[in-house]
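Structure first, commentary second.
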Amino acid sequence: MRQLPPQSDPSFGFSNSPFGECCIAFSNDGICALTFPENHEGAYLDLENRFPETDFQQNDKGAERLANQIFEKGENPTLNPIGSDFQQSIWKALQRIPAGETTTYALIAEAIGRPKAVRAVGTAIGANPIAYLIPCHRVIRSDGGLGGFRWGLDCKKKMLEWEKK
DNA sequence: ATAAAGGCCACCC
DNA sequence: GGGTGGCCTTTAT
């Protein structure tokens with residue numbers, strides 16, 4: 001099930017964060033992407049790739065305001081992640097992991113009632129469009145390994161450190 | 001319609 | 001430590 005792309009006033013912008021520069025894409029429907037790209041070029045490509053039909057207007061002020069809300073005040077703005085049903089169910093499960101805790105890919109698979117879909121869970125988590133707010137960094141391997149991270153394992157490590165009481 | 005590629009896991013050596 | 005086979009979804013032929 002493919003949902004509508006962001007329509008009402010789609011915007012994006014760059015801002016600082018505790019984990020390096022981030023790119024936030026948002027519309028009146030909520031945040032549809034939060035990434036930690038290596039450079040601006042990569043961020044554009046990523047957006048274009050995810051939302052080929054959407055024409056985002058640059059708005060760094062808006063992005064900064066959101067980043068401040070998220071990383072300084074610890075608020076949780078409205079999210080609007082686009083993805084299949086399977087992905088949605090997993091991203092929802094991720095949001096139930098409390099800050100400072102971790103779980104495993106296998107446990108998530110179990111939580112959504114698809115204990116055998118572990119591999120697919122990994123792929124779906126990798127497709128998470130909204131880093132940090134959908135806390136894919138809190139998922140590690142069953143054998144204790146860190147697992148992967150779309151924007152580099154260092155970033156994953158930093159986030160986990162940051163959340164440690 | 002089919003193939004190939006994944007942020008995995010359990011099991012073996 | 002490393003390799004293998006099975007599992008399931010998504011994306012690209």
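All heavy atoms count here, side chains included; hydrogens, waters and symmetry mates do not. Note that this is a predicted model, so its numbers are computed, not measured.
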Whole angstrom value for the distance that separates [atom2] of [N] from [atom1] of [X]:
{"X": "Gln87(A)", "N": "dT11(C)", "atom1": "CD", "atom2": "P", "result": "6 Å"}
{"X": "Arg150(A)", "N": "dC8(B)", "atom1": "CZ", "atom2": "C1'", "result": "18 Å"}
{"X": "Asp143(A)", "N": "dC9(B)", "atom1": "CG", "atom2": "P", "result": "7 Å"}
{"X": "Ile90(A)", "N": "dG6(B)", "atom1": "CD1", "atom2": "P", "result": "17 Å"}
{"X": "Arg141(A)", "N": "dG1(C)", "atom1": "CZ", "atom2": "P", "result": "10 Å"}
{"X": "Arg114(A)", "N": "dT9(C)", "atom1": "CZ", "atom2": "C1'", "result": "9 Å"}
{"X": "Glu110(A)", "N": "dC9(B)", "atom1": "CD", "atom2": "P", "result": "12 Å"}
{"X": "Trp91(A)", "N": "dT10(C)", "atom1": "CH2", "atom2": "C1'", "result": "11 Å"}

Within the sub-3.5 Å range, which N or O atoms of nucleotides 11-13 of chain B have a protein N or O partner, and how far apart are they?
none

DNA chain B contacts among residues 120-128 of chain A, heavy-atom distance under 4.0 Å: Ala120(A), Gly122(A), Thr123(A), Ile125(A), Gly126(A)

In this structure, is the centre-to-centre distance between the rings of Phe56(A) and Phe51(A) below 6.0 Å? yes

Is the distance between the ring centroids of Trp162(A) and Phe19(A) less than 6.0 Å?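 Distance test on ring centres: under 6.0 Å, yes.
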
Per Ser142(A) side chain, nearest of listed nucleotides dC8(C), dA10(B), dT10(C):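 Per side-chain heavy atoms of Ser142(A), the pick is dA10(B).
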
Regarding the side chain of Lys116(A), the nearest nucleotide among dC9(B), dC8(C), dT10(C) is dC8(C)

Is the shortest side-chain heavy-atom distance between Ser142(A) and Tyr105(A) below 4.5 Å? no

Should Leu160(A) and Thr102(A) count as side-chain neighbours, where that means a heavy-atom distance under 4.5 Å?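 In short, these two side chains touch, coming nearer than 4.5 Å.
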
Across all strands, who's sitting opposite dT9(C) as a Watson-Crick or G-U wobble pair, both distances under 3.5 Å? dA5(B)

State the pairing partner of dC11(B); accept Watson-Crick or G-U wobble contacts with both distances under 3.5 Å, and report none otherwise.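 Pairing partner, where one exists within any strand: dG3(C).
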
Can you tell whether the side chains of Asp46(A) and Arg50(A) come within less than 4.0 Å, N to carboxylate O? yes

Could one point to a donor on the side chain of Arg119(A) or the base of dG6(B) with an acceptor on the other under 3.5 Å away?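 Indeed there is one.
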
Any donor-acceptor pair under 3.5 Å linking the side chain of Glu75(A) with the backbone of Asn68(A)?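 Not confirmed, Glu75(A) side chain does not pair with Asn68(A) backbone.
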
Across the strands shown, which category fits Phe149(A) at heavy-atom distances under 4.0 angstrom: base, sugar-phosphate, nothing? base

Taking side chain to side chain contact (heavy atoms under 4.5 Å, CB included) as the test, write out the residues that go with Pro135(A), two or more places apart.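 Result, side chain to side chain contact (heavy atoms under 4.5 Å, CB included) vs Pro135(A): Leu94(A), Gln95(A), His137(A), Arg138(A).
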
The reported gap from CG in Leu133(A) to CG in Leu66(A) (rounded to nearest 0.5 angstrom) is 9.0 Å

Around Arg65(A), counting heavy atoms of other residues, nucleotides and ligands shown, do more than 12 lie under 6.0 Å from its CZ?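 No, CZ of Arg65(A) has 12 or fewer neighbouring heavy atoms, counting only those of other groups under 6.0 Å.
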
